[in-house]
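Have a look at the structure below, then the notes.
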Amino acid sequence: MRKKKLAMKILHYALVILVLVITLFPFYIMLTTAFKTSEAAVAYPPQIIPKDVTLQHFKDVLNPKIFPFGRYFLNSFKIALTTAGIAIVVGSMAAYSLSRLVFPGRIIFKESTLVVYMFSGILLVVPLFKIVSSIGLNDSMWAVVIADLVSTLPAAIYMLSGYFETIPESLEEAAMIDGLSRFQVIYKIVLPLSVPAISSAFIYVFMIAWNDFLFSFTFLSSQEKLTLSVGLKQLFGSMDYVWGRMMAAALLTAIPVVITFSAVEKFISGGLTAGGEKG
Amino acid sequence: MQKSVKVKKTKSGLMQRRESRLGILLILPTLILIGAVIIYPICYNVVLSFQKVALNPHRPSKFIGLKNYVNLFGDPEFYRSLGVTAAYVLVTVLGSTILGLLVALLMNRPFKGRKVARSLLLLSYVAPVVATVYVWKYMFNGLYGVVNYITVDVLHIFEQAPMWQDHPVYSVMLVVFYDIWRVFPYAFLMILAALQAVDESLYEAAQMDGASAWNRFWAITFPELIPSISAIISLRTIWNFYKFDDIYLFTKQVPVLGVYLYETAFAVHDNGGAAAITIVLFVIVFAFVILFGRKAVRK
């Protein structure tokens, strides 16, 4: 019996390791190729464990003459930060309203924000593109911010109102009996209590905006405004693409979201399972 | 006494009115945003779909009635796209949900390092699509890709190295594999959460009755998972129906509706035609949402 248990345990570990190896393999290839020499990257049979290690690709990617990584990074950062800021301010207002205040049409609003959540991306790209160009927002980061808001605001509202509902209502009532107005209650009690939820929603929106490709690819055209995702595509499209350079750039694009995500993974996983995500 | 009650009542009535005003005030920015960025574009799109849209934004567009729709429904490309999309959705939704379920069952057993393993499993879902698509392209390269090396030279699964990015059938397989790899963590997370909410005492009772692990799964676990599984399936079906990014970046060989729409708008520059495709897609997605999506999300 004990032997059987041990065998089961070993089998279980083996399966877990197998799943991890397969799902992480692309990341392993990304990492090793970024450090391989250009010749080794196209060698056959492929060098699964690189023989020589070089930092040249990282130097190239960070060299503005070869690839304006810094500028693209800054553009992506500005767009993601602005989107997250707006989504959180507007979203927490709406979330509080939907979870606490009674007003006509509340149920309809609550449901329609969720239905709206299912329409985004490619479904809106043609009309948004026409509208954006007719009001002169073409090639502006604001066009991307606005479009990114569509795909993130409903999720932010969902995550935040779920959290607000867990704050005991009696706490707020007690404060109001003590003479605080509803507004003061929100400002002095609800928001400070919700810092973990607000910051995880913020990072979640930031992540989606950082990863966006479609909108920045469609709306931005001048080189100095492009984001990292579009820059990566261009790097691949250039005639003399170098795999190591590509992988170094991909790695540097992925690292910021991976790090911030792992810092708040606990909260976000909760929000994901509650609200669903786009992708 | 009576007086004070009356005062209280009017006060609460006043407060209620104030509350409801605040409620509307707080939700107003969201309504304006959603109106401007979703409702208005959709209405505008309906108008566009009846026009021959001039390339130059300063030129007026011409009303041509249903011509865009007639063209669309007469275009064999459209039906091909629809078929490819349906196949893509079917396989990726089933694949990612089943894989997510299996991995969740695996990860539901306690073991050392479970937290770390769980975080690592989410990586593919978190990393930017553009970054991971290019690694996959590299891995599936026809000349020196590691996947062909393993499947042809080491494991001998294929006799000849498949051209993953150029062959019409293999490239569909490639984008399907990629999507399953990328989105299964979502199903995994939701199912794991549902698994951890199953009442332990049910298992104990079943074990006492001598039910095997297999029977316990189908009698106890699976029924508890049905709500989350159906939610995952509905949401993923909707999202994958208008998939664009990764397929567009991977290959020109998989003409799903999203890519067909994008190409019509920005390669052929037929904005009216693209608007008509958008409306058709929209109607299909909307039907899905009404049938399954609302129920899924309400859970």
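Here is how names work: the chains are called A, B, and so on, in the same order as the sequence lines, proteins then strands, and each is numbered from 1. The structure displayed is predicted, hence computed values, not measured ones.
- Heavy atoms closer than 4.5 Å to chain A are found in the side chain of Ile34(B), but not in its backbone.
- When heavy atoms are compared at a cutoff of 4.5 Å, Leu143(B) approaches chain A solely by way of its backbone atoms N, CA, C and O.
- When every heavy atom of Arg182(A) is checked against every heavy atom of Glu172(A), the shortest pair comes out as NH1-OE1, 3.1 Å.
- Per-residue heavy-atom pair counts under 4.5 Å with chain B were compared for Leu98(A), Val89(A), Ile157(A), Leu24(A), and the maximum is reached by Leu24(A).
- For chain A, the nearby part of Tyr248(B) is the side chain; its heavy atoms alone come within less than 4.5 Å.
- Using a 4.5 Å cut-off between heavy atoms, Phe266(B) touches chain A through its side chain atoms alone.
- Residue contact with chain B, scored on non-hydrogen atoms closer than 4.5 Å, involves the side chain of Ile186(A) exclusively.
- Leu48(B) touches chain A through its side chain: at least one heavy atom from C-beta onward sits under 4.5 Å away, while N, CA, C and O do not.
- For Leu249(B), the part lying near chain A is the side chain, with the backbone staying farther off; criterion is any non-hydrogen pair under 4.5 Å.
- A tilted orientation is assigned to the rings of Trp181(B) and Tyr178(B), their planes being inclined by 30° to 60°.
- With a 4.5 angstrom heavy-atom cutoff, Leu120(B) touches chain A via backbone and side-chain atoms both.
- Heavy atoms of Ala249(A) lying under 4.5 Å from chain B are absent altogether.
- Contact check on Asp246(B) versus Arg182(B) returns no salt bridge, with no Lys/Arg side-chain nitrogen under 4.0 Å from an Asp/Glu carboxylate oxygen.
- Only the side chain of Val53(B) comes within less than 4.5 Å of a heavy atom of chain A; its backbone N, CA, C and O stay farther away.
- Side-chain atoms of Thr253(A) and Val130(B), non-hydrogen and from C-beta on, never get closer than 4.5 Å to each other.
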